[in-house]
S.K.: 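Please find one structure pasted underneath; my questions will follow.
Both ligands and their constituent atoms are indexed starting at 1 by order of listing.
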Amino acid sequence: MSKQHVIVTFGTFDLFHIGHVRLLQRAAVLGALHVGVSSDAFTFLKKQRMPVFSESERLEIVGTSRFVSSVFLEESFDRKREYLMNLSADVMVMGDDWVGQFDEFSDICKVVYLPRTQSVCTTDLLASIQNSPLSS
Ligand code: C2G
């Protein structure tokens, strides 16, 4: 039996939703999927707000997905190369909201951008929860 390809993806995965599930599902078709979950501090840097769920909760949530072989904490953009090399990644997968932004890693692995799931995102979910008449 031939060895499975090593696939790596990165993300915040806050308020885990169907867009996240589909991204992980499609990435896992390519091989064994390892997911870098953004730390709370890194999320604050990227989004200028703290995530709703803490890094340990998000690691646990993503780690329960049957599409995921392992999870680790992603602490900065600068360490992506190190993470990819440590895992001996064959393919890095990201949603196409990041298209072109990680092409620099194509010297060590294949970089693939998958179409995002339309009409769902954490920011809108958070806003609709906050604006719900049930939330006070
Ligand atoms: N995604 C998707 N469809 C959506 C929402 C998200 O396919 N409707 C994908 C994103 O493109 C990304 C992954 O799900 O590949 C995780 O999305 P986020 O949690 O928003 O992660 P992000 O903050 O983009 O972090 O260094 C890169 C970052 O860590 C990526």
Side-chain angles (χ1 to χ4, degrees):
M1 199 175 79
S2 63
K3 193 178 149 285
Q4 264 202 313
H5 285 131
V6 174
I7 316 301
V8 181
T9 193
F10 299 93
T12 314
F13 300 101
D14 195 21
L15 298 180
F16 194 76
H17 59 63
I18 192 67
H20 297 144
V21 172
R22 290 180 183 158
L23 188 285
L24 298 178
Q25 181 176 29
R26 287 175 294 157
V29 167
L30 306 173
L33 178 62
H34 305 271
V35 183
V37 174
S38 306
S39 69
D40 292 342
F42 179 42
T43 300
F44 187 78
L45 260 175
K46 281 190 297 186
K47 301 184 189 274
Q48 290 76 55
R49 66 167 175 79
M50 289 302 279
V52 175
F53 294 133
S54 70
E55 60 193 29
S56 59
E57 291 166 334
R58 290 178 289 110
L59 279 166
E60 197 174 327
I61 290 165
V62 175
T64 62
S65 168
R66 66 188 158 97
F67 305 120
V68 174
S69 296
S70 81
V71 288
F72 59 96
L73 210 55
E74 179 197 23
E75 302 201 76
S76 80
F77 283 116
D78 298 340
R79 295 185 60 189
K80 272 212 172 54
R81 181 171 291 273
E82 174 191 332
Y83 300 133
L84 292 168
M85 291 185 75
N86 285 347
L87 287 161
S88 304
D90 296 302
V91 185
M92 173 180 176
V93 171
M94 292 299 297
D96 64 3
D97 45 328
W98 292 96
V99 76
Q101 296 194 52
F102 299 114
D103 292 354
E104 66 191 277
F105 303 120
S106 51
D107 60 333
I108 52 168
C109 62
K110 193 169 171 190
V111 180
V112 171
Y113 302 98
L114 296 176
R116 261 173 84 88
T117 299
Q118 295 305 306
S119 76
V120 58
C121 75
T122 300
T123 307
D124 292 351
L125 273 178
L126 185 54
S128 72
I129 293 165
Q130 284 168 337
N131 296 332
S132 156
L134 296 176
S135 70
S136 48

S.K.: Side-chain donor-acceptor contacts of residues 26-37 below 3.5 Å, not counting sequence neighbours, with atom names and distances?
M.R.:
| unit_1 | atom_1 | unit_2 | atom_2 | d |
| --- | --- | --- | --- | --- |
| Arg26 | NE | Arg22 | O | 3.1 |
| Arg26 | NH1 | Pro115 | O | 2.9 |
| Arg26 | NH2 | Pro115 | O | 3.0 |
| His34 | ND1 | Ser70 | OG | 2.6 |

S.K.: Just list the N/O pairs, ligand 1 to protein, that are under 3.5 Å apart, with the distance for each.
M.R.:
| unit_1 | atom_1 | unit_2 | atom_2 | d |
| --- | --- | --- | --- | --- |
| ligand 1 | 3 (N) | Thr117 | N | 3.2 |
| ligand 1 | 8 (N) | Thr117 | O | 2.8 |
| ligand 1 | 8 (N) | Val120 | O | 2.6 |
| ligand 1 | 11 (O) | Gly95 | N | 3.4 |
| ligand 1 | 11 (O) | Asp97 | OD1 | 2.6 |
| ligand 1 | 15 (O) | Gly95 | N | 2.9 |
| ligand 1 | 19 (O) | Thr12 | N | 3.2 |
| ligand 1 | 19 (O) | Phe13 | N | 2.8 |
| ligand 1 | 19 (O) | His20 | NE2 | 3.3 |
| ligand 1 | 21 (O) | Thr12 | N | 3.1 |
| ligand 1 | 23 (O) | Thr12 | OG1 | 2.8 |
| ligand 1 | 23 (O) | Lys46 | NZ | 3.3 |
| ligand 1 | 23 (O) | Lys47 | NZ | 2.8 |
| ligand 1 | 24 (O) | Trp98 | NE1 | 2.9 |
| ligand 1 | 25 (O) | Lys46 | NZ | 2.9 |
| ligand 1 | 26 (O) | Glu74 | OE2 | 3.1 |
| ligand 1 | 26 (O) | Lys80 | NZ | 2.3 |
| ligand 1 | 29 (O) | Ser38 | OG | 3.3 |
| ligand 1 | 29 (O) | Lys46 | NZ | 2.9 |
| ligand 1 | 29 (O) | Glu74 | OE1 | 2.8 |

S.K.: Pairs of donor and acceptor atoms involving the side chains of residues 95-103, under 3.5 Å and at least two apart or interchain, shall be tabulated with distances.
M.R.:
| unit_1 | atom_1 | unit_2 | atom_2 | d |
| --- | --- | --- | --- | --- |
| Asp96 | OD1 | Arg116 | N | 3.2 |
| Asp97 | OD2 | Arg116 | NH1 | 3.0 |
| Asp103 | OD1 | Tyr113 | OH | 2.7 |

S.K.: Show me the side-chain donor-acceptor pairs of residues 60-68 shorter than 3.5 Å, one per line, residues at least two apart or across chains.
M.R.:
| unit_1 | atom_1 | unit_2 | atom_2 | d |
| --- | --- | --- | --- | --- |
| Thr64 | OG1 | Ile61 | O | 2.7 |
| Ser65 | OG | Phe67 | N | 3.1 |

S.K.: Which heavy atom in Leu125 sits nearest to a heavy atom in Leu15, and how many Å separate them?
M.R.: CD1-O, 4.0 Å
S.K.: Might you point out which heavy atoms bring Val91 and Cys109 nearest each other, and give the distance in Å?
M.R.: N-CB, 4.1 Å
S.K.: Could you tell me how the ring of Phe72 sits relative to the ring of Tyr83: parallel (under 30°), tilted (30 to 60°) or perpendicular (over 60°)?
M.R.: tilted
